[in-house]
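What you are looking at is a predicted structure, and each value in this text was computed from that prediction instead of being measured.
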Amino acid sequence: MKLRRALPIAAALPALLAISACSGESADSGDGKAKASASAKSTPGAPSADDKAAAEAERIGAMAPRTLEKATLSGTSNGFEIKKVAEADVEAGRSMKADKAECQPLASLAGGFTQVPAVAVEHRSLEPAEAKNATVGSMWLASHSVKNAEKVMADLRTSVKECPGGFKTLGLTYTSVETVKAPTTGDESLGYRITNVVGKQNVTMTYTVVRKDGAVAVFYGVNMLTPKNSAMPEGIVKAQVAQLG
């Protein structure tokens, strides 16, 4: 199935699915002002972007970039192969802007990052290890202060309630948004199902979003054979939350 082969590469930007893929990566402070990206080049003798992000993380009580990377699953877990998404594939999601302000948290997550900029972000593709499993997708972890992480969740809950009819972004159309059950784990969790129109085909995606302290973990899945089974299994969600410590 072509979609299954293409999606793990494209999974960082669910909106484009097999067409193209990307997600966003940014850094934040306690006041929500974006800092330099960890991928930015530094001048000789000056602190690196990673050093700056680590210092900012310490200042606001967030997980530093290297700590977040170590806390992100990799390898094989719960029937899925977990691979780091190349940095070149995590850029276009930065410009995901919704046509309705109340839907922006949803659009940002569709682009692969949280509406409130994060100190660090780790992106992973999720591909089933067994051919009979038709669910594929991705996950990403965003490091925030606890206050900002709580805001991410609160804004997302509001967005899900206020955007049942969907929204548009980057020429893409999302036709519906509905709440679904999420695993009870972390400090709080939220699940929702969203339908995207790709060409002439409706593609249903399920998101599971979990907050533990200042870390926000986002899991996204799509199952073209059985759309209602597109959520990532509870096992892999809980395994990642446990990895956060």
Would you say the side chain of [Y] lies within less than 4.5 Å of the side chain of [X], judging by non-hydrogen atoms?
X: Met139; Y: Thr72; answer: yes
X: Leu73; Y: Arg124; answer: no
X: Pro128; Y: Thr135; answer: no
X: Leu172; Y: Phe167; answer: no
X: Gln243; Y: Val241; answer: no
X: Arg193; Y: Val177; answer: no
X: Val121; Y: Leu141; answer: no
X: Tyr192; Y: Leu156; answer: yes

Determine yes or no for a side-chain-to-main-chain donor-acceptor pair under 3.5 angstrom, with [X] supplying the side chain and [Y] the backbone.
X: Glu81; Y: Ser74; result: no
X: His123; Y: Gly112; result: yes
X: Ser145; Y: Asn148; result: yes
X: Ser143; Y: Met63; result: yes
X: Ser230; Y: Pro227; result: yes
X: Asn196; Y: Val203; result: no
X: Gln240; Y: Gly235; result: no
X: Ser189; Y: Pro183; result: yes

Using the rule that Ile, Leu, Val, Met, Phe, Trp and Tyr join whenever any side-chain heavy atoms are under 4.5 Å apart, tell me whether [X] and [Y] fall into a single cluster.
X: Leu190; Y: Ile194; value: yes
X: Leu109; Y: Leu170; value: yes
X: Val210; Y: Ile82; value: yes
X: Val160; Y: Val116; value: yes
X: Met224; Y: Met205; value: yes

For the residue pair [X] and [Y], what are the closest heavy atoms and their distance?
X: Ala239; Y: Ser77; result: CB-OG, 4.0 Å
X: Cys163; Y: Leu106; result: CB-CD1, 3.9 Å
X: His144; Y: Ala62; result: O-CB, 3.2 Å
X: Cys103; Y: Gly166; result: SG-O, 4.1 Å
X: Leu244; Y: Ala71; result: CD2-CB, 4.0 Å
X: Val85; Y: Ser125; result: CG2-N, 3.7 Å

What distance do [X] atom [atom1] and [Y] atom [atom2] have between them, rounded to the nearest 0.5 Å?
X: Gln104; Y: Asp99; atom1: CD; atom2: CG; value: 10.0 Å
X: Ser138; Y: Tyr220; atom1: OG; atom2: OH; value: 6.0 Å
X: Ile236; Y: Phe219; atom1: CD1; atom2: CZ; value: 7.0 Å
X: Lys228; Y: Thr226; atom1: NZ; atom2: OG1; value: 11.0 Å
X: Thr114; Y: Lys151; atom1: OG1; atom2: NZ; value: 11.0 Å

Between [X] and [Y], does at least one N-O distance fall below 4.0 Å, as a salt bridge requires?
X: Glu150; Y: Lys147; value: no
X: Arg157; Y: Glu188; value: yes
X: Lys100; Y: Glu102; value: no
X: Arg211; Y: Asp187; value: yes

>> Which residues pass the salt bridge (Lys or Arg N to Asp or Glu O under 4.0 Å) test with Glu234, not counting sequence neighbours?
In response: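 With neighbours one apart ignored, the set is Lys238.
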Assess whether atom [atom1] of [X] is packed by more than 12 heavy atoms of other residues, nucleotides or ligands within 6.0 Å.
X: Lys84; atom1: NZ; value: yes
X: Lys97; atom1: NZ; value: no
X: Glu178; atom1: CD; value: yes

> Going through the checks in order, is the side-chain hydrogen bond (donor to acceptor under 3.5 Å, both in side chains) test met by Glu162 and Thr158?
Replying inline: CA-CA 6 Å; Glu162 295 186 353; Thr158 299; 5.7 Å; no
>> Run Glu69 and Arg66 through salt bridge (Lys or Arg N to Asp or Glu O under 4.0 Å) and show every step you take.
In response: CA-CA 5 Å; Glu69 183 178 15; Arg66 292 181 182 178; over 6 Å; no
> Do the ring planes of Trp140 and Tyr207 sit parallel (below 30°), tilted (30 to 60°) or perpendicular (above 60°)?
Replying inline: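 Plane angle over 60°, so perpendicular.
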